[in-house]
Amino acid sequence: MYGKCHSLEDARGIFDKLHNRDVVSWNAMIAAYGQHDRGNEAIQLFVKMIDEGLKPNEITFVSVVDACASTANLDRGKFVHALIIDSGLQPSIILGNALVNMYAKCGDLSETQIIFDKLLKKNVVSWTTLIGAYAQHGNKKNAIELLKKMQGEGVRPNKITYVSILEAFSSPVDLSEGKVIHSEIRNSGFQFDLVVDTALLNMYGKCGSPDDARRIFDDMRERDEIAWNAMIAAYAHPGHGKNAIQIFYEMQKTGVKPTVVTYVSVLDACADVTALREGKMIHESIVDSGFDKEIVLGNALINMYAKCGSLQDARTVFDNMQSRDVFSWTSVIAAYAQHGHGHATLELFRQMLLGGWKPNEITFISVLSACNHGGLVDEGLYYFESMTAAYALSPTLEHYGCIIDLLGRAGWLDKAEDLLTKMPLEPDAVIWMSLLGSCRVHGDVERGKHIAKRLLELDFNHDAPHILLSNMYASANRWMDAAGARNIMEEKGIQKQPGRSWIEVGETVHEFFAGDRLHPQTVQIYMEIENLKHKMSEAGYVPDTSLVLHNVEEEKKEQLLLAHSEKLAVAFGLISTPSGTPLRVMKNLRVCPDCHNAMKFISKIVNREIVVRDSNRFHHFKEGCCSCGDYW
DNA sequence: TTAGGGTTAG
């Protein structure tokens, strides 16, 4: 009785006082620990039970297998599995399913499949467990095939089956198939179900379609905190952060209290739109609510402050944390790396190692990227080697990408290309692009040409290689070739991805597209741009019109450059904040070289600090210089 | 006595 109530300790007290403990009492106590997420104690108790000479029965095994699953303890799970086989017990369908689930939760997919195949009888739970296992590992193909096979064998999926399979749809490329499952779920009669709708909503959020998520959210008849959290998370993506923050406040207006997960998601949204003011207010609410000791929130705060441009606040949060995990370290390391502090990044990394922490693949991405941005070639190569040598981590394409970029930027084009062709992974367009970029920087036109050829063979439908190649020819005064590269791009119908920038002023995050005239203060913004243009010209600024690919007159090219989204955001910031206020702008793409140059002039002319977060890193412009040292 | 919804670092 106590086991099913609140007090596990009371249950244990009674259990310990029992004079005659039979299998039933042991089972009850083991199950009680399992239900309270204390799998390790459940397993310990099971071992003790065997030591005392009691023979576990089917129910004991189900509970202890479940405990191994919840603690993801594969070795224990295998041990218990062996005991089951030794006991000669013919496992029931329930125990069989529990074993399938145990291997799935412990991450051993091949064993999961083997046990499933060996099941003498399968029911909807067996199928759902296996489908969920594949879905959680992102194996959408197997999950869908299994669903069809299950239906072919006459087993009808229930709502748990559908909720499980929805996990498999988690990126924009999955959206169309996700919509097919969505309609199948509706046709199967699962409507107005809180859990099913939340899973669908979440699927659309992960697939990058917050509008579809919102439609489901709006149609829900009831919403609990999990549904609200899922909606906030669905909006916490580039360009939708404002909506996430709005939903966060609406949630509270309807009387639903934010949870830790709510705060994590909304901080992520603030980070996304560089909403520093909003983020600070939410930080205060977190302190008021008493959640500020939660590690996961400390981590989210580090990330929010860093992405909002305030490295100092990020560091303060990190320093004040009472306990940390690998996410905390990786977050603070990433923060320093993104702000271009190469040496400080490595110093933190050394402290992490000294503290006995084990870095993971993501930690190394920040470390290598810091070496890359800081031009720290020897350090980068050393840590790259140490990944495999000291930490048994296999470098991914991104790690190779950092190193190839590092070598290329440093002018070691031979070594960079050598590594690219000899690495054990298939290079993607991003890596070829980075090498092409290095060829442009170092003026190696011939190498650039053959790399561009390889790149275009990949059928990479992106504007970037064409633009880079064209610019590279232009820099080498090869105007015909430059025009040719642009023509190929036009023939292929490739459009430049539109630039978007955001700036937080007062309580609002303002968004700008390149050339947009939608902002209520458009007239004043363009007047400010004109004003800046004159002052910049006097100071020696020359617009880099080679960056404009449109075939238009010179004067028109200058106008296009001046209307880049980051310049509009800065102009708006200048006219709407008191003089001296630092401006923080976020851009969806890399900052363009002309804007980068212009920002340096503007920072000096208006005597303000301008922080631009682009898709790659931070640029702190101050008194005519940028923190990246023009190396980005 | 077995399967299910929300979260952090690139």
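Letters go in sequence order (proteins before strands), and every chain restarts at 1.
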Trainee: Pair A:Met423, A:Ile431 - check side chain to side chain contact (heavy atoms under 4.5 Å, CB included), show working.
Mentor: CA-CA 12 Å; A:Met423 67 184 187; A:Ile431 296 205; 4.0 Å; yes
Trainee: To the nearest Å, how far apart are A:Tyr204 OH and B:dG6 P?
Mentor: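 Atom-to-atom, A:Tyr204 to B:dG6, this comes out as 16 Å.
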Trainee: Just N and O in the side chain of A:Gln35: are any of them under 4.0 Å from OP1 or OP2 of B:dT1?
Mentor: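 True: A:Gln35 side-chain N/O within range (under 4.0 Å) of B:dT1 OP1/OP2.
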Trainee: Between A:Lys206 and B:dT7, is there a contact of a side-chain N or O with OP1 or OP2 at under 4.0 Å?
Mentor: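 Indeed, a polar side-chain atom of A:Lys206 lies that close.
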Trainee: At less than 4.0 Å, is any side-chain N or O atom of A:Lys122 found next to OP1 or OP2 of B:dA3? Yes or no.
Mentor: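 No, outside the criterion.
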Trainee: Kindly say whether, by distance alone, the side chain of A:Thr128 makes a donor-acceptor pair under 3.5 Å with the base of B:dG4?
Mentor: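 When only heavy-atom distances are counted, A:Thr128 does not reach the base of B:dG4 through any donor-acceptor pair under 3.5 Å.
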Trainee: Applying side chain to side chain contact (heavy atoms under 4.5 Å, CB included), run through A:Asp108 and A:Ser110 and close with a yes or a no.
Mentor: CA-CA 6 Å; A:Asp108 190 340; A:Ser110 57; 3.3 Å; yes
Trainee: Checking ring pair (Phe, Tyr, Trp, His ring centres under 6.0 Å) between A:Tyr383 and each of A:Phe349, A:Phe364, A:Tyr391, which is the one that passes?
Mentor: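 Of all the options given, the one that passes is A:Phe349.
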Trainee: Looking at the side chain of A:Ala199, which of B:dG5, B:dT2, B:dG6 is the nearest nucleotide?
Mentor: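 Taking heavy atoms from C-beta onward, the closest nucleotide is B:dG5.
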Trainee: Any N or O donor-acceptor pair under 3.5 Å from the base of B:dG5 to the side chain of A:Asp197?
Mentor: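 No, the side chain and the base share no sub-3.5 Å donor-acceptor pair.
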Trainee: For A:Ser126, answer base if it contacts any base atom (sugar-phosphate contacts may also be present), sugar-phosphate if it contacts only those atoms, and nothing otherwise; contact means non-hydrogen atoms under 4.0 Å.
Mentor: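 Contact class for A:Ser126: none.
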Trainee: We want to know whether A:Ser328 and A:Asn299 form a side-chain donor-acceptor pair, criterion being a heavy-atom distance below 3.5 angstrom.
Mentor: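 Yes - a donor-acceptor pair under 3.5 Å links their side chains.
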Trainee: Taking only N and O in the side chain of A:Asn303, is any of them less than 4.0 Å away from OP1 or OP2 of B:dA9?
Mentor: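 Result: yes.
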Trainee: For A:Val62, report the nucleic acid contact type (base, sugar-phosphate, nothing); a contact means any heavy atom under 4.0 Å.
Mentor: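 Since only primed, P, OP1 and OP2 atoms lie under 4.0 Å of A:Val62, the category is sugar-phosphate.
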Trainee: Looking for any heavy atom pair under 4.0 Å, which part of the strands does A:Ala300 touch: base, sugar-phosphate only, or nothing?
Mentor: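 Nothing: the residue A:Ala300, judged by heavy atoms under 4.0 Å, touches no strand.
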